[in-house]
2 protein chains.
Amino acid sequence: MSSPNILSGKDQELDHMRHSCAHILAQAVLDMFPEAKLAIGPTTDDGFYYDFDLPRTLIPEDLDILQEKMEQIAKDKQSFKRVDGDIDKAIDFYKKAGQPFKVEILEDLKKEGENNITFYENLDAEQNVKFVDLCKGGHVEDTSKSGAFKLHKIAGAYWRGDENKPMLQRIYGLCFKDKKALKVHMQMLEEAKKRDHRKLGKELELFDFNEHVGPGLPLWLPNGAVLVEELEKLAKEEEFKDGYERLRTPHITKGKLYEMSGHLDHYKDSMYAPMKTDGEDYYLKPMNCPHHHMCFKSNPKSYRDLPVRFAEYGTCYRYEDSGALFGLMRVRSLQMNDAHIYCTEDQFLDEFIKVTKMYLRYFELFGIEKYVMRLSLHSKEGLGKKYLNEPELWGKTEEMVRNAMKKAGVEYIEVEDEAAFYGPKIDIEVWSAIGREFTLATNQVDFGVPAKMGLAYTDENGQEQVPLCIHRAPLSTHERFIGFLIEHYAGAFPTWLAPVQVRVLPVSDKFLDYATELAEKMRGEFVRVEVDDSKEGLGKKIRNAELKKIPYMLVVGEKEVADNKVAARNYKTKKQVVVDKDVFIDKVLDEIKKRSSTPFVESM
Amino acid sequence: MSSPNILSGKDQELDHMRHSCAHILAQAVLDMFPEAKLAIGPTTDDGFYYDFDLPRTLIPEDLDILQEKMEQIAKDKQSFKRVDGDIDKAIDFYKKAGQPFKVEILEDLKKEGENNITFYENLDAEQNVKFVDLCKGGHVEDTSKSGAFKLHKIAGAYWRGDENKPMLQRIYGLCFKDKKALKVHMQMLEEAKKRDHRKLGKELELFDFNEHVGPGLPLWLPNGAVLVEELEKLAKEEEFKDGYERLRTPHITKGKLYEMSGHLDHYKDSMYAPMKTDGEDYYLKPMNCPHHHMCFKSNPKSYRDLPVRFAEYGTCYRYEDSGALFGLMRVRSLQMNDAHIYCTEDQFLDEFIKVTKMYLRYFELFGIEKYVMRLSLHSKEGLGKKYLNEPELWGKTEEMVRNAMKKAGVEYIEVEDEAAFYGPKIDIEVWSAIGREFTLATNQVDFGVPAKMGLAYTDENGQEQVPLCIHRAPLSTHERFIGFLIEHYAGAFPTWLAPVQVRVLPVSDKFLDYATELAEKMRGEFVRVEVDDSKEGLGKKIRNAELKKIPYMLVVGEKEVADNKVAARNYKTKKQVVVDKDVFIDKVLDEIKKRSSTPFVESM
């Protein structure tokens with residue numbers, strides 16, 4: 001496995017380019033629609049956008065016109081000039097300019113006590129002001145230095161994301177340092193479209209959403225359920241090897257549990273509404289931890305019992321605004337590869353390293369070559385607000401995690417002010433095969449909640465101590481991880497994961513018995529195998545199997561039956577080999593058992 | 001496997017004995033407490049009870065006094081005499097006798113239009129009336145023929161089961177044809193107490209209930225989760241072999257789905273209260289079927305796709321009155337070994353036989369030697385009320401099921417008026433190893449709901465047809481089935497199911513390395529193994545392992561280490577063998593893989 005590719009925080013130069021592009025876009029839009037009202041224009045992960053109130057709805061062709069105007073502005077080499085000003089004068093300026101959104105922004109800033117603001121002006125060679133925008137900066141020197149950009153998408157967006165406010169038009173642009181980087185990214189987006197998990201999910205019949213069941217609640221169809229089950233099998237095996245024990249806990253609980261854990265104080269907006277039962281409020285669980293903590297408490301624990309490692313692939317329910325839902329990536333029911341490790345401070349290092357190594361094993365198995373581990377720390381300012389007010393414990397725990405990452409030999413970056421409420425965490429970002437970034441998993445240290453929920457163990461001296469708790473979910477949720485895998489593999493899953501692993505294609509009905517017998521034999525070994533007994537010709541049968549991206553097609557005709565062989569054709573490598581049928585079965589069973597991503601035909 | 005023991009419906013003679021005992025008990029109570037108010041006194045599965053309003057709370061010693069009085073009444077050979085009477089006179093009689101519960105019963109009967117009622121009188125040798133009760137009969141000839149009886153329990157019970165009505169005292173009695181049968185039953189009850197799943201569940205740390213989570217919502221602790229996981233693995237393998245596909249569906253849905261399925265009309269009282277989300281009512285699922293039906297509808301089906309067999313070990317939530325909850329046997333969250341088979345009429349016979357054979361395979365695996373299959377039919381009177389008003393379809397489907405049972409060669413009994421709303425069903429009752437009866441599973445034919453929910457397939461002629469649906473759950477719910485298994489095995493599970501399969505007991509710390517290495521090797525093969533590294537002596541270590549009913553203890557000391565052997569001691573057979581450690585591993589892996597209930601040491 002190649003060493004991880006570490007991101008060096010934010011790339012300031014690129015950020016300035018993208019920010020400058022937003023200004024150039026706004027200038028172009030004002031040129032095209034002088035009556036346009038400007039809202040805001042921030043940067044994104046791959047470029048920028050700007051929201052406008054326009055006299056008419058944009059059509060895709062408008063983007064070409066605007067792109068051309070932007071390129072002209074870039075050629076003009078307009079300089080960016082910072083201007084500091086008084087907020088009242090600025091409000092006055094924008095009122096006169098007929099820019100109500102800017103006025104609203106400024107008036108809000110004023111309410112918050114802000115007196116001075118900054119503008120950025122674009123000046124042409126004659127020092128004429130071509131455009132001005134309320135802006136903190138920074139920017140590139142002049143418009144010609146704003147990188148390689150490309151407008152690519154129009155969308156609707158409510159002013160301030162509030163559906164009671166006006167609907168604006170958002171123009172998205174891509175921006176990279178040079179044309180080559182832009183091209184690579186555009187190819188990636190093109191490829192991502194082909195690999196879109198919603199599109200492939202439908203074509204491969206992996207999952208479905210049903211209007212009568214509700215948005216954000218995926219139904220895993222048989223093919224998708226195979227992925228779910230195989231991932232669970234994998235997790236269970238890996239967790240067994242690492243000494244985890246499993247739990248099964250209900251999906252609901254009395255509100256009392258979430259009063260104790262603090263969820264009702266901090267997390268209520270993300271929870272489903274309560275169900276009134278026996279005069280009490282019952283809630284769907286948004287997380288598994290409080291249930292696991294109750295299992296920990298089910299009998300007294302001594303230091304000899306620790307570490308206790310409780311794992312459960314538990315389904316949680318979180319309320320997300322219906323507008324925020326997106327395929328499998330943003331859902332309301334999520335089944336998490338969850339576990340909680342209760343340990344002493346002395347055990348922490350080993351446990352944390354063990355968890356980190358589990359992550360790395362999974363990355364290797366799934367061919368994830370690029371990833372980054374971000375150690376998210378607290379901030380002093382947030383103590384007592386976003387973070388538990390325990391400065392010493394924060395310092396100590398963060399140092400423990402740092403130590404563990406170093407001992408595990410894993411590169412990581414540190415990020416201030418992104419910790420969990422109850423302790424530092426590692427966020428793991430991974431890149432799919434086509435280079436798209438996914439935030440999949442976290443690994444958190446909790447020094448707060450165990451005490452809050454009264455968890456304890458008796459130490460060597462008979463004293464009660466509170467254990468540390470590590471929350472971890474290397475395989476994320478089924479929803480998000482399978483969404484990732486669909487793109488990563490473009491739906492062509494390795495044999496062990498593939499919903500259908502083998503399809504037998506008899507050349508004609510004459511060979512159906514041989515095909516069926518062969519399939520039955522494999523099914524007896526738990527291979528997921530089908531026989532194509534349709535009336536189609538072989539060519540069509542092959543195309544149909546390829547459409548479903550089935551790893552192995554076994555063509556059986558006159559010659560194969562006579563020799564007791566199969567002509568095995570692999571989807572990924574397109575390689576075909578003719579082998580004894582028992583040899584094929586042995587080889588494919590071995591490939592499945594090893595969870596290999598290399599088809600056995602490769603080495604034949 | 002021995003052939004099933006078929007119950008010949010109700011045993012009338014025994015029923016008369018038990019019914020007579022209830023009268024004898026009431027007579028005895030009136031003798032002891034002349035001011036006693038009599039409520040009702042029906043028969044039970046193993047005897048009878050009678051509810052009384054008494055001047056004081058009974059103590060266990062009272063049962064001895066009453067037992068003696070009852071035996072005296074039996075010796076008296078009082079005859080039972082039927083008396084027909086007018087209802088108004090009867091009301092008058094009971095008013096004068098100061099028996100308000102009897103008056104209430106009679107007044108209700110009168111409201112329902114009843115004019116004539118029957119009494120039974122007990123007459124002594126001189127034809128004096130010793131006791132009289134409102135009763136439909138029948139009875140034995142005289143009190144000496146009322147079998148072998150034994151009072152055994154006092155409990156509280158609300159009049160008419162209504163908590164707003166007076167609390168009465170219920171006296172339970174056992175009654176069998178002779179003393180031997182009574183003794184066998186009492187021994188069984190004694191054994192059942194030892195095997196009580198709540199008691200063993202606690203001792204073996206299988207599950208827990210937590211007040212903050214809520215009643216009826218079991219938390220499966222690691223040992224119990226092993227049982228859950230092993231049963232699921234078994235079901236998945238068996239279902240894979242029989243051509244099932246798996247689904248995963250959410251635990252909630254919009255109410256719309258249950259309007260379509262009819263659950264909101266017929267089943268609302270057993271459902272949890274709704275959660276208001278996006279202005280709509282969402283419900284926890286009380287059953288998996290409607291979700292599965294939506295999966296069936298996710299894409300068009302042709303006759304070539306049928307039969308479709310959808311399986312899911314889905315967790316359902318049902319609201320049960322908190323007073324009705326009982327350990328794992330009556331819970332609010334239940335995870336069901338569910339599946340729905342969608343098929344044509346022509347396919348029905350084969351599918352139904354296949355399902356029945358799956359039941360039989362499970363009975364054999366779990367050593368269930370006594371069971372009965374009850375074919376529950378509709379009743380003409382219930383058509384359009386309890387049952388879909390489709391008399392022809394009822395006749396046809398019932399005949400199809402009868403046919404299938406005969407073809408499968410399974411003995412069964414027929415019971416009128418116990419079908420499901422949408423079709424006939426097979427209720428399967430099984431007896432545990434100590435002879436206690438459990439209703440575990442049903443197998444239902446549904447010719448109603450698929451049409452109601454718009455399920456369809458295209459037949460050979462391009463016409464839309466509605467499939468039949470078989471609902472089946474051979475392994476019942478985890479909760480009920482594991483509750484049954486705990487009693488059935490007395491907590492000493494066969495090796496494949498046992499939470500801990502092997503415990504290694506080093507004679508002293510000197511042999512700890514050998515023990516650990518051995519355990520690690522087994523763990524690598526997914527054996528659930530522990531090392532007892534405590535400071536206890538060997539005797540105590542053995543006792544501790546026996547308390548946990550662990551199938552294999554491996555004692556390792558000087559000699560074993562020197563010879564690379566283990567002294568393997570089996571819990572069930574108490575047999576001990578000394579074998580090479582690799583031989584032990586091979587043997588135990590084989591025993592687990594075969595899911596054998598015979599410890600391998602038996603044949604050594």
Side-chain angles (χ1 to χ4, degrees), chain A residues 205 208 210-215 217-222 224-226 228-229 236-237 240-241 243 245-254 256-257 260 272-278 280 282 284 290-291 294-295 297-299 304 310 312 315 317 319 322 332-333 335 478 523-524 526 528 534, chain B residues 205 208 210-215 217-226 228-229 236-237 240-241 245-254 256-257 260 272-278 280 282 284 290-291 294-295 297-299 304 310 312 315 317 319 322 332-333 335 478 523-524 526 528 534:
Chain A
E205 299 176 84
D208 194 22
N210 183 290
E211 54 169 335
H212 303 312
V213 174
L217 300 170
L219 300 165
W220 291 104
L221 300 176
V226 167
V228 166
E229 301 267 340
K236 285 172 189 174
E237 287 179 19
F240 183 86
K241 283 186 213 155
E245 301 177 293
R246 307 205 74 78
L247 299 175
R248 287 291 186 101
T249 65
H251 303 92
I252 60 173
T253 175
K254 279 186 192 172
K256 180 73 195 163
L257 190 67
M260 289 163 66
Y272 270 80
M275 295 165 278
K276 210 36 129 192
T277 306
D278 300 340
E280 285 194 71
Y282 275 71
L284 280 171
H291 281 84
M294 290 303 102
C295 291
K297 279 180 86 167
S298 75
N299 52 22
R304 295 185 65 91
F310 282 159
E312 178 179 30
T315 307
Y317 289 84
Y319 180 75
S322 62
R332 287 177 171 176
S333 72
Q335 200 179 345
H478 280 321
R523 176 167 278 273
F526 297 103
R528 295 183 291 271
S534 67
Chain B
E205 299 175 84
D208 193 22
N210 183 290
E211 54 169 335
H212 304 311
V213 174
L217 300 170
L219 298 166
W220 291 103
L221 300 177
N223 289 341
V226 166
V228 166
E229 301 267 341
K236 284 172 189 174
E237 287 180 17
F240 183 86
K241 283 187 213 155
E245 301 177 292
R246 307 204 75 77
L247 299 176
R248 288 291 187 101
T249 65
H251 303 91
I252 59 172
T253 174
K254 279 186 193 172
K256 180 71 195 162
L257 190 67
M260 289 163 65
Y272 271 81
M275 295 165 277
K276 208 39 126 190
T277 306
D278 300 339
E280 285 194 71
Y282 276 71
L284 281 171
H291 281 85
M294 289 303 102
C295 291
K297 279 182 86 167
S298 74
N299 51 22
R304 293 185 65 92
F310 281 159
E312 178 178 29
T315 308
Y317 289 84
Y319 180 74
S322 63
R332 288 178 170 176
S333 72
Q335 199 177 345
H478 281 320
R523 177 167 277 274
F526 297 101
R528 295 182 292 271
S534 68

*Largest heavy-atom contact set with chain A, pairs under 4.5 Å, which of B:Lys241, B:Glu229, B:Met294, B:His478*: B:Glu229

*Counting distance only, does the side-chain N/O of B:Thr315 pair as donor-acceptor with the main-chain N or O of A:Pro250 below 3.5 Å?*
no

*Using non-hydrogen atoms and a 4.5 Å limit, figure out which bit of A:Lys297 sits close to chain B: side chain, backbone, both or neither.*
neither

*Using modelled atom types only, decide if a donor and an acceptor are shared between the side chain of B:Arg246 and the backbone of A:Trp220 within a distance under 3.5 Å.*
no

_Which portion of B:Glu312 sits near chain A, non-hydrogen atoms under 4.5 angstrom_ = neither

_With B:Lys276 via side-chain hydrogen bond (donor to acceptor under 3.5 Å, both in side chains) - residues at least two apart_ = B:Asp281

*Does A:Pro218 offer a backbone N or O that forms a donor-acceptor pair with the side chain of B:Arg248 under 3.5 Å?*
no

*asked:* I'd like to know if the side chain of B:Tyr317 reaches the main chain of A:His251, judged simply by a donor and an acceptor atom lying under 3.5 Å from each other, with no hydrogens or angles considered.
replied: yes

*For chain B, which of A:Gly224, A:Ser322, A:Cys295, A:Ser333 has the most heavy-atom pairs under 4.5 Å?*
A:Cys295

*Shortest non-hydrogen contact from A:Tyr282 to B:Val213?*
CE2-O, 3.7 Å

*Write down the atom of A:His291, the atom of B:Leu219, and the distance for their closest heavy-atom approach.*
CD2-CD2, 4.0 Å

*Engaged part of A:Phe240 at the chain B interface, taking heavy atoms whose separation is under 4.5 Å*: both

_Residue pair A:Arg332 / B:Thr277: nearest heavy atoms and the distance that separates them_ = NH1-CG2, 4.1 Å

*Which one, A:Ala225, A:Gly524, A:Ser534, leads in non-hydrogen pairs under 4.5 Å with chain B?*
A:Ala225

*Go through the atoms of A:Glu205 and report whether side chain, backbone, both or neither lie under 4.5 Å from a heavy atom of chain B.*
side chain

*Of all the heavy-atom pairs spanning B:Met260 and A:His212, show the shortest one and how long it is.*
SD-CD2, 3.6 Å

*asked:* Which atoms of B:Arg528 are under 4.5 Å from chain A, going by heavy atoms: the side chain, the backbone, both sets, or neither?
replied: both

*Against chain A, work out which of B:Leu221, B:Val228, B:Thr249 has the most heavy-atom pairs shorter than 4.5 Å and name it.*
B:Leu221

_Those residues that, when tested against B:Lys256, pass side-chain hydrogen bond (donor to acceptor under 3.5 Å, both in side chains) (two or more places apart)_ = none

*Does a side-chain heavy-atom distance below 4.5 Å link A:Leu217 with B:Ile252?*
yes

